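Residue indices begin at 1 and follow the sequence shown. Everything quoted here is computed from the prediction, not taken from an experiment.
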Amino acid sequence: MKIAIDARMINKSGIGIYIKHIMENIGYDVVLDNSNFPYKNYSIKEQLFFPYRKLRREKVDVLHVPHLNIPIFYKGKLVVTIHDLTHLRYPQFLPSKFHYYYFKFMLGMATKKASKIITVSHNTKKDIIDFFNTEPDKIKVIHSGVGKEFVIKPKDEVSYLYKKYNILPEKKIILYVGNLLPHKNVNSLLKASHLIKKDHVLVLVGKSFKERTAKVETDNYQSLLYVGEASRDELVDLYNLADLFVLPSLYEGFGFPVLESFACGTPVACSNTSSLPEVGGNFAFYFDPKDEANIADVINMAFESKSDPIALREYALKFSWEKTAGETLNEINSLAN
């Protein structure tokens with residue numbers, strides 16, 4: 001049996017984490033990447049010049065596409081991983097109506113052509129059924145995992161960050177990790193921060209995009225630090241330094257940072273929407289992301305609560321990439337057989 005994967009998005013955030021860990025734990029026989037398939041994602045060329053002949057020549061049994069941009073002319077057995085339906089749930093945040101119709105068309109094709117659909121949460125499975133009336137049995141929920149690099153560290157190993165970013169050690173540190181796209185709802189967190197009782201600094205870590213980044217309103221806000229993209233090592237240290245990780249997103253397909261924070265022993269306050277309660281379980285503090293007063297109230301409550309770092313970490317480690325890969329390979333094998 002031969003299995004192929006489209007790994008061109010391996011360097012992207014989110015989807016790239018998924019691809020890297022899946023590939024580390026599943027021995028794919030054929031890997032399509034930018035060296036042998038150098039066409040832009042979501043383009044016409046990726047459809048016209050997809051290496052159909054190469055896959056036939058290699059006698060590939062199953063192709064795994066870990067995103068919605070499937071090859072629409074592919075006639076072999078296809079497993080597609082659909083992470084979320086953000087573009088359909090929140091079309092107002094897309095650059096144009098064309099983008100909405102493109103994503104709706106491609107997601108529709110993916111649900112129809114796939115021999116098996118993998119989703120990373122029950123929430124995404126529900127969304128697929130709601131939008132495309134897909135048979136539930138065609139969809140397998142396989143949760144993503146958390147990287148082994150996320151560990152609990154002694155404070156003296158991460159205290160260098162106080163000096164690096166000029167943070168006063170006596171201040172509470174609220175950490176946000178994620179991009180600054182509009183559906184991430186960072187402005188609501190900023191507005192809620194004015195209602196937080198403890199003296200604090202809000203640290204934002206993540207990528208901004210030239211055209212689609214939400215305008216982060218920082219006027220009259222003195223305790224804000226925008227780090228931008230951090231290295232993996234520094235991200236682990238920031239999780240350890242933080243007193244609380246907060247994710248105010250309106251919609252998440254899975255929510256990697258929730259588990260990453262837990263794995264570092266740091267408590268989490270996050271939205272009560274989409275997949276986040278599914279990932280955070282009984283260990284996260286939840287708020288309504290559209291209610292700034294409620295966001296502040298929950299953060300204040302989290303600061304007053306005593307979380308057990310070891311318990312948080314043990315919970316996070318139930319989400320392992322080995323388990324994710326094993327279940328994924330089982331689905332692929334069932335098709336090949």
**Message:** Quiz question: by atom type and distance under 3.5 Å, do the side chains of His99 and Tyr42 form a donor-acceptor pair?
**Reply:** no
Single-linkage hydrophobic cluster Phe103~Tyr90, side-chain heavy atoms < 4.5 angstrom: yes
Under the criterion side-chain contact (heavy atoms from CB on, under 4.5 Å), I'd like the reasoning laid out for Met106 against Gln47: C-alpha separation, chi angles, the key distance, then a yes or no. CA-CA 11 Å; Met106 288 301 298; Gln47 296 296 335; 3.7 Å; yes
Review point. Is there a side-chain contact between Phe150 and Arg232 (heavy atoms, below 4.5 Å)?
Key: yes
Scanning both residues in full, the closest heavy-atom pair of Pro267 with Ser261 reads O-OG, 3.8 Å
Closest non-hydrogen contact found for Lys2 with Asp61 is N-OD2, 2.6 Å
Given the options Lys77, Lys116, Lys138, Glu331 meets salt bridge (Lys or Arg N to Asp or Glu O under 4.0 Å) only with Lys116
Once you measure the plane-to-plane angle for Tyr52 and Tyr74, does it fall in the parallel (<30°), tilted (30-60°) or perpendicular (>60°) bin?
parallel
Sorted by chain and number, sequence neighbours left out, side-chain contact (heavy atoms from CB on, under 4.5 Å) with Lys323 holds for Ser320, Glu327
Under 4.5 Å between any side-chain heavy atoms of Ile117 and Lys125, yes or no?
-> no
In this structure, CD1 of Ile332 is separated from CG of Leu63 (nearest 0.5 Å) by 9.5 Å
ask   = Is there a chain of hydrophobic side chains (I, L, V, M, F, W, Y, each step under 4.5 Å between heavy atoms) that links Phe319 to Ile310?
value = no
Margin query: Using a 3.5 Å distance criterion without hydrogens, assess whether the side chain of Asn240 forms a donor-acceptor pair with backbone atoms of Lys153.
Written below: yes
(message) Using side-chain heavy atoms (C-beta onward) and a distance below 4.5 Å, is Asp199 in contact with Glu170?
(response) no
Check your understanding: Just wondering, more than 12 heavy atoms not from Lys104 lying within 6.0 Å of its NZ?
Key -> no
Do Val298 and Tyr286 make a side-chain contact, defined as non-hydrogen atoms from C-beta onward lying under 4.5 Å apart? no
Rounded to the nearest 0.5 Å, the CD atom of Glu252 sits from the NE2 atom of His183 at a distance of 5.5 Å
Flag for Glu278-Asn123: side-chain donor and acceptor within less than 3.5 Å: no
Counting only heavy atoms not in Glu135, do more than 12 fall under 6.0 Å of its CD?
-> no
Taken to the nearest 0.5 Å, the spacing of Ile152 CD1 from Leu312 CG works out to 8.0 Å
With sequence neighbours left out, the residues meeting salt bridge (charged side-chain N to carboxylate O under 4.0 Å, His left out) with Lys54 are Glu58
Scanning both residues in full, the closest heavy-atom pair of Ser271 with Pro277 reads O-CD, 4.2 Å
Rounded to the nearest 0.5 angstrom, the OH-OG distance for Tyr102 and Ser96 is 12.5 Å
#### Entry: salt bridge (charged side-chain N to carboxylate O under 4.0 Å, His left out) between Asp29 and Lys59, intermediate numbers included
CA-CA 10 Å; Asp29 303 283; Lys59 296 182 179 180; over 6 Å; no
Closest heavy-atom pair, Leu250 versus Ser274, reported as atoms and distance to 0.1 Å, is O-OG, 4.3 Å
Aromatic plane relationship, His21 with Trp321 - under 30° parallel, 30 to 60° tilted, over 60° perpendicular
parallel
- Flag yes if more than 12 heavy atoms outside Asp156 fall under 6.0 Å of its CG atom; otherwise flag no. yes
What do you reckon, is NZ of Lys113 surrounded by more than 12 foreign heavy atoms closer than 6.0 Å?
yes
Next item on the list: Taking the side chain as every heavy atom from C-beta outward, state whether His143 and His122 have any pair of such atoms under 4.5 Å apart.
Entry: yes
Please tell me whether Leu48 and Tyr39 are part of a single hydrophobic cluster in this structure, the criterion being side-chain heavy atoms less than 4.5 Å apart. yes
Less than 3.5 Å apart, any donor N or O on the side chain of His194 or Glu292 sitting next to an acceptor on the other?
no
Residues Asn36 and Val31: closest non-hydrogen pair is ND2-O, 3.0 Å
Residue pair Ile174 / Phe303, side-chain heavy-atom distance below 4.5 Å: yes
When rounded to the nearest 0.5 Å, the distance separating CG of Leu241 from CD1 of Ile173 is 3.5 Å
**Prompt:** Transitively linked via ILVMFWY side-chain contacts under 4.5 Å: Tyr160 with Val227?
**Reply:** yes
* To do: In sequence, state the C-alpha distance, the side-chain angles, and the governing distance for Asn185 and Leu189, and then conclude on side-chain contact (heavy atoms from CB on, under 4.5 Å).
  => CA-CA 7 Å; Asn185 198 35; Leu189 175 58; over 6 Å; no
Centres of the Phe287 and Phe285 rings: under 6.0 Å?
no
Residues Phe37, Glu46; criterion side-chain contact (heavy atoms from CB on, under 4.5 Å); working and verdict:
CA-CA 8 Å; Phe37 184 23; Glu46 79 170 344; 4.2 Å; yes
Using the benzene-type ring in the case of Trp, are the ring centres of Phe245 and Phe262 under 6.0 Å apart? no
One should read off an interatomic distance between Asp233 CG and Leu238 CG, to the nearest 0.5 angstrom, of 11.0 Å
Heavy atoms of Arg89 and Gln92 approach each other most closely as O-OE1, 4.4 Å
ask   = Quick one: are Val79 and Pro66 in side-chain contact, heavy atoms under 4.5 Å?
value = no
Is there side-chain contact between Tyr251 and Phe93, with heavy atoms separated by less than 4.5 Å? no
Atom NZ of Lys155 with >12 non-hydrogen neighbours under 6.0 angstrom: yes
* Asked: Any luck finding a side-chain donor-acceptor pair between Asn69 and Asn41 under 3.5 Å?
  -> yes
Hydrophobic cluster membership, with links at side-chain heavy-atom distances under 4.5 Å among I/L/V/M/F/W/Y: are Leu244 and Leu168 in one? no
Q.
Using the rule given for side-chain contact (heavy atoms from CB on, under 4.5 Å), can you reason through Tyr165 versus Val201, listing the C-alpha separation, both sets of side-chain angles and the distance that settles it, and then say yes or no?
A. CA-CA 11 Å; Tyr165 291 113; Val201 57; over 6 Å; no
**Asked** Using a distance-only test with no angle check, is there a side-chain donor-acceptor pair under 3.5 angstrom linking His83 and Tyr18?
**Response** no
* Check: Ser223/His200 side-chain N/O donor and acceptor closer than 3.5 Å -> no
For this session: Verify whether one side chain among Asp33 and Ser35 offers a donor that lies under 3.5 Å from an acceptor in the other.
Result: yes
